[in-house]
Amino acid sequence: MRECIWCGRSIVAKNRQARFCSSKCRVYAHRNPIPKAMTAAERWVRRSATKVPLTVTGSAASSTNPDTWSSYQDATASSAGVGLGFMLGDGFACIDLDHCLIDGVPNGAAARFLEQFPGSHVEISPSGDGLHIWGTAGERPGKIRAEHDGLHVERYSRERYITVTGNAYRHGQLLPL
Ligand SMILES: [Zn+2]
């Protein structure tokens, strides 16, 4: 059963590519691609094609120096690098699932893992084959790695930026991770 990536209701359209239950949901999703708690935070950076974090003026940004971060408005207005990134910390956290999407569909291990996070905001990574589960968590040191059914899982909660594409796998909220 396919579900609308904005409201979660089942999709009855015959089009197998349909990702929304209605044009209303599609419009809302395009207007609000990123959770408001994130767009309201001054934790935005640009990123290079090789995923180096950059300031809005194109110099190196640091995950430990908030002076190198910007507002969402300033970051989206900047043309430095190739895209956006968001600095974790202060309660913002992310789980990174690499190489788990095939033609936009999560593999079995990833699908089972995602079931632990109903309602969470999930983005497709710039490469198109990974997922980022966004949410909240207290700050814990470094990166926490684990394997679940062969799925490579990395959790981050501080001193790290994560790319943001605005390309949601599932629109949702920032919930405890
Ligand atoms: Zn919908």
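Counting starts at 1 for both ligands and their atoms, following the listed order.
- Annotation for A80 and R46: closest pair O-NE, 2.6 Å, computed over non-hydrogen atoms.
- Here the side chains of T55 and V45 are not in contact, with every heavy-atom distance at 4.5 Å or above.
- For F86 and Y161, the distance between ring centers is not under 6.0 angstrom.
- Note: F20 and W6 fail the aromatic proximity criterion, with ring centroids not under 6.0 Å apart.
- Between H152 and H99, the gap from one ring centroid to the other reaches at least 6.0 Å.
- Ring orientation note: the planes of W134 and H132 are nearly perpendicular, at an angle over 60° on the 30°/60° scale.
- Listed by chain and residue number, the protein N/O/S atoms under 2.8 Å of the Zn ion (ligand 1) are C4 SG, C7 SG, C21 SG, C25 SG, with waters left out.
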